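Note that this is a predicted model, so its numbers are computed, not measured.
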Amino acid sequence: MQGQAIRRRYWRAAGVCSLVLLIAPLITQSAKVQAMSPINIEIGGTAGTAYSAYWRVENAGKIQEYHQAQGQVPAKLSYHGDAISGTVTLLNAGQLTLTVEKNGSRSRSVTQGKGSTLQFSVR
């Protein structure tokens, strides 16, 4: 009787260990997918408003830099990465709205007036 109880405990423990070994890679993969999720940027405001922008996108430890000397509202951009930071400068009169979205979280900033600057960082 005691031998059967020990065998049952052994098989139960073996089953739990097997389950953990099967699930662990899935959890790790899920974390990687979440880290490299899409980062969406929407630049809105007064139609025709001009801006300059500088972005740094970090993806798996590598940094990619982007510079836009003169963009115009409205604009939509998308990147894949772990994090993004940047600066947007208004080049003429008008209002500029910057929305950055990653993993369902959204950051929104508004500025107006020539020369005004928005800085942001999202992880």
Side-chain angles (χ1 to χ4, degrees):
M1 224 25 179
Q2 193 176 22
Q4 287 179 341
I6 291 172
R7 279 193 292 269
R8 269 189 249 138
R9 283 190 215 135
Y10 169 79
W11 286 110
R12 191 175 303 145
V16 169
C17 288
S18 297
L19 185 61
V20 168
L21 290 173
L22 288 172
I23 293 175
L26 296 176
I27 293 170
T28 304
Q29 184 64 26
S30 174
K32 287 179 184 175
V33 168
Q34 183 177 1
M36 292 182 10
S37 64
I39 302 169
N40 298 308
I41 298 174
E42 187 173 336
I43 303 172
T46 308
T49 299
Y51 65 87
S52 67
Y54 168 77
W55 323 112
R56 286 174 49 107
V57 178
E58 185 179 331
N59 191 357
K62 296 179 182 175
I63 294 176
Q64 184 93 30
E65 296 184 358
Y66 302 90
H67 182 74
Q68 189 172 11
Q70 185 158 353
Q72 198 166 20
V73 168
K76 289 185 179 185
L77 307 160
S78 186
Y79 302 96
H80 283 277
D82 307 318
I84 188 168
S85 59
T87 303
V88 180
T89 304
L90 209 53
L91 298 177
N92 60 4
Q95 183 178 13
L96 186 124
T97 304
L98 175 70
T99 304
V100 182
E101 186 176 348
K102 181 178 188 284
N103 292 333
S105 296
R106 183 177 291 176
S107 173
R108 186 170 184 264
S109 302
V110 179
T111 191
Q112 61 185 23
K114 184 177 179 178
S116 61
T117 301
L118 293 173
Q119 294 183 334
F120 70 95
S121 180
V122 175
R123 292 199 151 279

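Between atom CG of residue Asn59 and atom OH of residue Tyr79 there is a gap of 13.0 Å, rounded to the nearest 0.5 Å. To the nearest 0.5 Å, atoms CG (Leu96) and OG1 (Thr49) are separated by 7.0 Å. The CZ atom of Phe120 sits 7.5 Å away from atom OG1 of Thr87, with the distance rounded to the nearest 0.5 Å. To the nearest 0.5 Å, atoms CD1 (Ile39) and CD (Glu101) are separated by 11.0 Å. Note that NE2 of His67 is 6.0 Å distant from OG of Ser52, once rounded to the nearest 0.5 Å. One finds the OG atom of Ser116 at 4.5 Å from the CG atom of Leu90 (value rounded to the nearest 0.5 Å).
For the side-chain hydrogen bond (donor to acceptor under 3.5 Å, both in side chains) test, no residue two or more places apart in sequence or in another chain qualifies with Tyr66. Every residue was checked against the side-chain hydrogen bond (donor to acceptor under 3.5 Å, both in side chains) condition with Thr89, not counting sequence neighbours, and none meets it. Remark: Glu42 pairs with no residue by the salt bridge (charged side-chain N to carboxylate O under 4.0 Å, His left out) rule, at least two apart or across chains. For Arg108, there are no salt bridge (charged side-chain N to carboxylate O under 4.0 Å, His left out) partners two or more places apart in sequence or in a different chain. Contacts of Glu65 classified as side-chain hydrogen bond (donor to acceptor under 3.5 Å, both in side chains), with partners at least two apart in sequence or in another chain: Tyr54, Arg56.
Contact between Gln68 and Tyr51 at its shortest, heavy atoms only, is OE1-OH, 3.5 Å. Shortest non-hydrogen contact noted between Gly44 and Val73 is C-CG1, 3.4 Å. The two residues Lys102 and Val122 have their closest heavy-atom pair at CB-CG1, 4.0 Å. Across every non-hydrogen atom of Val57 and Gly81, the tightest pair is CG1-CA, 4.4 Å. The two residues Arg123 and Ala83 have their closest heavy-atom pair at NH1-CB, 3.5 Å. Of all non-hydrogen atoms in Ala50 and Gln70, the two that sit nearest each other are CB-NE2, 3.8 Å.
In terms of modelled atom types and a separation under 3.5 Å, the side chain of Asp82 and the main chain of Ala60 share a donor-acceptor contact. Within the 3.5 Å criterion, the main-chain N or O of Gln95 finds a donor-acceptor partner in the side chain of Thr46. Checking side-chain atoms of Glu58 against main-chain N and O of Ile63 turns up no donor-acceptor pair under 3.5 Å.
Leu91 is not connected to Val88 by any chain of hydrophobic side-chain contacts under 4.5 Å among Ile, Leu, Val, Met, Phe, Trp and Tyr, and they are in different clusters.
Within the structure, salt bridge (charged side-chain N to carboxylate O under 4.0 Å, His left out) pairs that include any residue of residues 70-81 do not occur (at least two apart or interchain).
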